[in-house]
2 protein chains.
Amino acid sequence: MSRMTGQKRPPGRPPRISRDEIVAAAHRIVAEEGVEKLTMRRLAREVGSTPMALYHHVSDRDGLLLLLLEDYAVRAPRPDLPADPRERVIAVATAMRDALAEIPWIMDVLTSGRLFGRSALWFNEQIIAAALDCGLTPEDAVRAYRAIWHYTAGQIIVTSRERAARDRARAATGTTYRERVFGTLDPDEHPALARVADRWEELSVRDDYAAGLRALVDGLVRRA
Amino acid sequence: MSRMTGQKRPPGRPPRISRDEIVAAAHRIVAEEGVEKLTMRRLAREVGSTPMALYHHVSDRDGLLLLLLEDYAVRAPRPDLPADPRERVIAVATAMRDALAEIPWIMDVLTSGRLFGRSALWFNEQIIAAALDCGLTPEDAVRAYRAIWHYTAGQIIVTSRERAARDRARAATGTTYRERVFGTLDPDEHPALARVADRWEELSVRDDYAAGLRALVDGLVRRA
DNA sequence: ACCTGAACACCGTTCAAGT
DNA sequence: ACCTGAACACCGTTCAAGT
């Protein structure tokens, strides 16, 4: 009977919050306060609801993070690619790095084995395709992709945590742990480190992703 | 007066638990149940005490993890090193990888900017020394070290989390997320991935750290 | 169908008191 | 000097009930 009324109103209580609304709110919290502040309780407050209402739209906290990840992946810019296959590997990897470096917390979700989420398969596809165009066998192309991914993931994770630690340390004590270690180095025990000690900190804040990537890619396609 | 009694008994209540005992217990918990089980409450139970008693011997949870890290660093084997500087870089990096791969949870402590803890500076020293012996400038030696560290850290973090996710997924659903993604790949949209899809899983469980490291080091010392 | 409140089983850490 | 117990301010999630 009720199906006959012109307006198609689904049965049951009308929703007060939507999944999109939840993801948008999560987005906001993460951007303004960091992932560690993204709790179900905090998120519920943000959308003006209760923690348990969220579970009706999202499987659990992990599911929420996965939705966020998809959201970022869809938005990530796909650069124009150069014709030369080796340069193409570098261009795609760099684009991937840049997209992820802006949201380093995502590495925790990303590296937990769920890969990229489908919408970011573009990056995988382009790197493998370019590696094959470099003359690598399918097997070596996968190996090359993995090496590049390990380097890229490591670079993002290490540098973002270093930055966070540095900021914290400076705010608290005025010096970083590393500065203290290098400042009190015994040159007899660690002669090589002593030689580079005074430049270490300065070189550590530089972004040398590109140079390392070039070296790695050069080495990987060497024998092709 | 009491100072005069032969036995030098320090004043105050005699300790029931020691720092070493705490670290040993933490060690045990981490080895048997994983880091995520290492809570102050669980640890207190393990040493037969209360959570708050621990704070008398350890600054806080982070301090505890740092003690654990030092413990592992001291124990890590230092391999004999080959004379050839390039091979030396590879030998040290591999030893570092092997030591860390056994305890991947340590990466969380390690990458949070406190470096290695002093007792593991040996690894830094040897890599920088070998890089200098390869003919790199001090500046390039630091850059090379950092690239190697990023690759190594990424390899450990990514592969250990992949393994954990794979085990979890197989236990729960019988297939991994990756198997499902690659099983339903559209060959028109992702031709290169489609070409390698059937070998991806197999290649992903292989340990290709050494090959990637060689490629990276080759690229880094190329122009020297 | 969607939302709520109370409750469970946890955390790390502080504080005041006991021996 | 060392330890304890109670308490604070949190978590994610389950369960039973309400609209």
Side-chain angles (χ1 to χ4, degrees), chain A residues 1-3 5 7-26 29-30 33-69 105 108-109 112 114 168 172, chain B residues 1-3 5 7-26 29-30 33-69 105 108-109 112 164 168 172:
Chain A
M1 283 290 239
S2 66
R3 301 268 237 62
T5 62
Q7 314 270 43
K8 48 167 194 280
R9 243 222 300 162
R13 184 171 175 168
R16 279 230 257 273
I17 50 175
S18 71
R19 197 147 117 159
D20 286 352
E21 217 178 320
I22 291 173
V23 173
I29 294 173
V30 167
E33 306 172 41
V35 229
E36 65 280 0
K37 299 282 181 187
L38 182 63
T39 69
M40 299 305 268
R41 288 170 151 89
R42 173 78 186 77
L43 182 55
R45 228 165 57 222
E46 184 80 14
V47 297
S49 186
T50 65
M52 283 319 300
L54 304 176
Y55 284 84
H56 238 267
H57 302 89
V58 164
S59 61
D60 55 10
R61 189 169 186 277
D62 267 19
L64 173 69
L65 288 174
L66 228 54
L67 286 177
L68 261 184
L69 175 56
W105 59 266
D108 289 332
V109 191
S112 65
R114 279 97 148 223
R168 245 183 294 120
Chain B
M1 285 291 241
S2 66
R3 300 266 237 67
T5 62
Q7 313 271 43
K8 50 168 194 266
R9 242 220 302 160
R13 186 170 173 167
R16 279 230 256 274
I17 51 176
S18 70
R19 197 147 115 160
D20 286 352
E21 217 178 318
I22 291 173
V23 173
I29 294 173
V30 167
E33 306 171 44
V35 229
E36 65 281 359
K37 299 284 181 185
L38 182 63
T39 68
M40 299 306 267
R41 287 167 150 91
R42 172 78 186 79
L43 182 55
R45 228 165 57 223
E46 185 80 13
V47 298
S49 186
T50 65
M52 283 320 300
L54 304 176
Y55 283 85
H56 237 267
H57 303 88
V58 165
S59 61
D60 55 11
R61 190 170 186 276
D62 267 18
L64 173 69
L65 289 174
L66 229 54
L67 286 177
L68 261 184
L69 174 56
W105 58 267
D108 288 333
V109 190
S112 65
R168 246 183 294 121

Is the phosphate of C:dG5 approached by A:Thr50 (side-chain N or O, under 4.0 Å from OP1 or OP2)? no

Side-chain N or O of A:His57 closer than 4.0 Å to phosphate OP1/OP2 of C:dC3: yes

Rounded distance [0.5 Å steps], CG in A:Leu69 versus CG in A:Asp108: 11.5 Å

Gap separating the NE2 atom of A:His56 from the OG1 atom of A:Thr50, nearest 0.5 angstrom: 10.5 Å

Trace of the side chain to side chain contact (heavy atoms under 4.5 Å, CB included) decision for A:Leu38 with A:Leu68: CA-CA 11 Å; A:Leu38 182 63; A:Leu68 261 184; 4.0 Å; yes

Provide the closest heavy-atom pair for [X] versus [Y] in the form atom of the first, atom of the second, distance.
X: B:Ala44; Y: B:Pro51; answer: CB-N, 3.3 Å
X: A:Met40; Y: A:Leu64; answer: SD-CD2, 4.5 Å
X: B:Glu33; Y: B:Lys37; answer: O-CG, 3.2 Å
X: B:Val35; Y: B:Trp105; answer: CG2-CB, 2.8 Å

One character per nucleotide, please: for nucleotides 10-19 of chain D, 5' to 3', B when the base has a protein heavy atom closer than 4.0 Å, S when only the sugar-phosphate does, - otherwise. -BBBBB--BB

For A:Leu54 and C:dA1, what is the distance between atoms CG and C1' respectively, to the nearest whole Å? 16 Å

Taking only residues two or more places apart in sequence or in another chain, which ones pass side-chain contact (heavy atoms from CB on, under 4.5 Å) with [X]?
X: A:Pro15; answer: none
X: A:Ile17; answer: A:Glu21, A:Ile22, A:Val47, A:Ser49, A:Ala53, A:Leu54, A:His57
X: A:Glu46; answer: A:Ala25, A:Arg28, A:Ile29, A:Arg42

Return one dot-bracket line describing DNA chain C 5' to 3' (Watson-Crick or G-U wobble pairs, both distances under 3.5 Å; ( ) same strand, [ ] crossing, | another strand, . none). ||.|||||...|||||.||

Could you list by number each residue of residues 15-24 of chain A showing a heavy-atom separation from DNA chain C of less than 4.0 Å, or answer none if no residue does? A:Pro15, A:Arg16, A:Ile17

Quote, to the nearest angstrom, the P distance that separates D:dC10 from C:dA9. 22 Å

